[in-house]
There are 2 protein chains.
Amino acid sequence: MARKTGSHSDITGPKIRAEAQRLFARHGFAAVSMRQIAAAVGVQAGALYLYTPDKEALLFDLLRSHMEELLAAWEAEPRGAGARAALEQFVRFHIRFNLTRAEAVFLSYMELRNLSPENFAVIEALRKRYETELEAILKAGQAEGAFLLPDTKLATMAIIAMLTGVNTWFREGGRLSRETVETIYWDMVRKAVGA
Amino acid sequence: MARKTGSHSDITGPKIRAEAQRLFARHGFAAVSMRQIAAAVGVQAGALYLYTPDKEALLFDLLRSHMEELLAAWEAEPRGAGARAALEQFVRFHIRFNLTRAEAVFLSYMELRNLSPENFAVIEALRKRYETELEAILKAGQAEGAFLLPDTKLATMAIIAMLTGVNTWFREGGRLSRETVETIYWDMVRKAVGA
DNA sequence: ATGCTATCTGAACAGCCGTTCAATATCAAA
DNA sequence: TTTGATATTGAACGGCTGTTCAGATAGCAT
């Protein structure tokens, strides 16, 4: 046996990334073997190397794609006028976007240490760019007198941690809908920044 | 060679736990081998099994000890009168305690999935107990009219996520002292709960 | 129908994994 | 000084690891 009927890189490639993401998120990068990923895809381990130079590159690709899609989605988001509207937009966007990509978010927080220093720096830079988006909103709000904050840098970190935390407990079909959660978190954030 | 001069279970035992915690936190549970831990302790791999039945039990021990010490420390904390004082106490305690045990906190958040279902349930129950401590404060504050919260359960999760997030960026000797950070976070939490 | 290219297999590589255990050296008590 | 308990080694177990590659088949353009 060699090439399989119906085989196509347009199908196998994405399938590998999808299964890798699922398995890495579920068991952790180090705990998942290339043979497990291959089995999930329905292929032998050697075939994976047509699509990635090595295991770490597979992880890096997932993390970088996620961060770039996060930034692109935020930039494509409609922006209201004023810092207060922008902050509400950010809060709702962050919760909504992250909930639809729970596995990727999980990976981005858990598996950074499995990256080489160079790859780690790339992801860190993207994450920093995203944080700066929020900090810019907080600084603008502070300047226009809409917010009252002791420290915009700390507020940035606090708000992002708080919002990302939703992913750890939210379950579809639970007590509260995603929209309700967004609203409740927005209420707490709004108060916290003194708006 | 067999037994080493100066060898003692009172020394080797704690040393194994300390090195395991350090290595697990640094590289991840799955990525660290028993031989690496043994080498860090200065012993052969086989000797570890005088102190733990297997690798997972080593991790479980670290997580359970941490959670129990966290709960014990909180219970030993002096309690002020009223929900507002209690909440400030909690905020400052959580940041302070977690910063002094960064490795254990990191492990407790990252390595839960490497536990067997039974062991996972034990840690989850301890974590739940801790969360309930905060929620009780929020409920009491709500009842006595000190706080104004849309949902105490969500506020609990939001506050804990926000506070634990400090561990990801705080560095000793950085721009702000631990006490200043405590105060700033307390300010944000206080506003968020409407107090 | 032919030939080229894309895709995949299956075996092999060297090395590491968690764990067990008989043998052995040290320590502490008698 | 002898004896028994304690602590450790070092080798061995079967199995899994990431990665490479020659060989083989499927798809596609001619």
Side-chain angles (χ1 to χ4, degrees), chain A residues 1-24 26-63 107 111 113-116 118-119, chain B residues 1-24 26-63 107 111 113-116 118-119:
Chain A
M1 274 162 263
R3 182 169 188 175
K4 295 170 51 178
T5 70
S7 63
H8 239 299
S9 62
D10 291 348
I11 297 172
T12 308
K15 214 166 166 184
I16 287 173
R17 281 186 287 278
E19 294 295 342
Q21 177 165 100
R22 195 178 60 83
L23 289 167
F24 288 163
R26 186 116 55 193
H27 310 290
F29 174 77
V32 173
S33 73
M34 294 300 265
R35 283 172 181 81
Q36 280 174 59
I37 298 169
V41 173
V43 103
Q44 293 298 314
L48 301 182
Y49 291 84
L50 269 329
Y51 300 90
T52 184
D54 53 43
K55 194 186 176 191
E56 195 213 307
L58 194 47
L59 174 65
F60 176 62
D61 248 32
L62 293 171
L63 298 193
L107 274 190
E111 306 295 354
R113 59 184 163 192
N114 291 297
L115 260 27
S116 70
E118 306 84 46
N119 286 345
Chain B
M1 275 165 261
R3 182 169 186 172
K4 295 168 55 176
T5 69
S7 64
H8 238 299
S9 62
D10 291 347
I11 296 172
T12 309
K15 214 167 167 184
I16 288 173
R17 280 186 287 277
E19 293 295 342
Q21 177 165 102
R22 196 177 59 85
L23 288 167
F24 287 164
R26 186 117 53 193
H27 308 291
F29 174 77
V32 174
S33 72
M34 293 300 265
R35 283 172 180 83
Q36 280 175 58
I37 299 169
V41 173
V43 101
Q44 293 298 314
L48 300 182
Y49 291 85
L50 269 326
Y51 300 90
T52 184
D54 53 43
K55 193 186 175 190
E56 195 214 306
L58 192 48
L59 174 65
F60 177 61
D61 248 32
L62 292 171
L63 298 193
L107 273 189
E111 305 295 354
R113 59 183 164 190
N114 291 298
L115 261 27
S116 70
E118 307 83 48
N119 286 345

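Below, chain A is the first sequence line, B the second, and so on; all start at residue 1.
- Heavy-atom minimum distance, I11(A) versus P14(A): O-CD, 3.4 Å.
- One finds a side-chain N or O of Y51(A) lying less than 4.0 angstrom from the OP1 or OP2 phosphate oxygen of dC8(C).
- The CD1 atom of I37(A) sits 17 Å away from the P atom of dC16(D) (whole-angstrom rounding).
- In the set dG18(C), dG10(D), dG18(D), dG18(D) carries the atom at the smallest distance from any side-chain atom of K55(A).
- OP1 or OP2 of dC8(C) has at least one side-chain nitrogen or oxygen of T12(A) nearer than 4.0 Å.
- Separation of atoms CG (L48(B)) and CZ (R35(B)) is listed at 10.0 Å; rounding is to 0.5 Å.
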Pairs under 3.5 angstrom, nitrogen or oxygen only, protein versus nucleotides 26-28 of chain C, please.
from	atom 1	to	atom 2	distance (Å)
dT26(C)	O2	R3(B)	NH1	3.0
dC27(C)	OP1	G6(B)	N	2.9
dA28(C)	OP1	H8(B)	NE2	3.4

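- At whole-Å resolution of the value, CD in E56(B) and C1' in dG18(C) are 13 Å apart.
- Taking atom CG on L48(A) and atom C1' on dT17(D), their separation rounds to 14 Å, with Å as the unit.
- Regarding Q44(B), its CD atom lies at a distance of 14 Å from the P atom of dG18(C), rounded to whole Å.
- When distances run from any side-chain atom of L50(B) to the nucleotides dT19(D), dT8(D), dT19(C), the shortest one goes to dT8(D).
- Counting non-hydrogen atoms under 4.0 angstrom, V41(B) reaches nothing in the nucleic acid.
- For Q36(B) and dC17(C), the shortest distance from a side-chain N or O to OP1 or OP2 is below 4.0 Å.
- Atoms NZ and CG, on K55(A) and L59(A) in that order, are 9.0 Å from each other to the nearest 0.5 Å.
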For this session: With side chain to side chain contact (heavy atoms under 4.5 Å, CB included) as the test, would you mind laying out the steps for F29(B) and L107(B) before giving the verdict?
Result: CA-CA 9 Å; F29(B) 174 77; L107(B) 273 189; 6.0 Å; no
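- A heavy-atom distance below 4.5 Å is found between the side chains of S116(A) and N119(A).
- With dT19(D), dA24(D), dC17(C) as the candidates, the nucleotide lying closest to the side chain of D54(A) is dT19(D).
- N114(B) and E56(B) form no side-chain donor-acceptor contact under 3.5 Å, judged by distance and modelled atom types alone.
- Remark: of the listed residues L58(A), T52(A), D61(A), L58(A) is the sole one forming a side chain to side chain contact (heavy atoms under 4.5 Å, CB included) with I16(A).
- Rounding to the nearest 0.5 angstrom, the gap separating the CG atom in L23(A) from the CD atom in Q36(A) is 6.5 Å.
- OP1 or OP2 of dT7(C) sits under 4.0 Å from a side-chain N or O of S9(A).
- The distance between atom CG of D10(A) and atom P of dG27(D), rounded to the nearest whole Å, is 14 Å.
- In this structure, CE in M34(A) is found 3.5 Å from OH in Y49(A), a value given to the nearest 0.5 Å.
- The two residues E111(B) and R113(A) come nearest to each other via the heavy atoms OE2-NH2, 2.8 Å.
- Remark: P of dG10(C) and CE of M34(A) are 18 Å apart, rounded to the nearest angstrom.
- Following rounding to the nearest Å, Y49(A) (OH) and dT17(D) (C1') show an atom-to-atom distance of 9 Å.
- Checking dT17(D), dT8(D), dC8(C) against every side-chain atom of A2(B), the shortest atom distance belongs to dT8(D).
- Between its opening and closing five pairs, the helix from dA1(C)-dT30(D) to dA30(C)-dT1(D) changes axis direction by 10°, a value rounded to 10 degrees.
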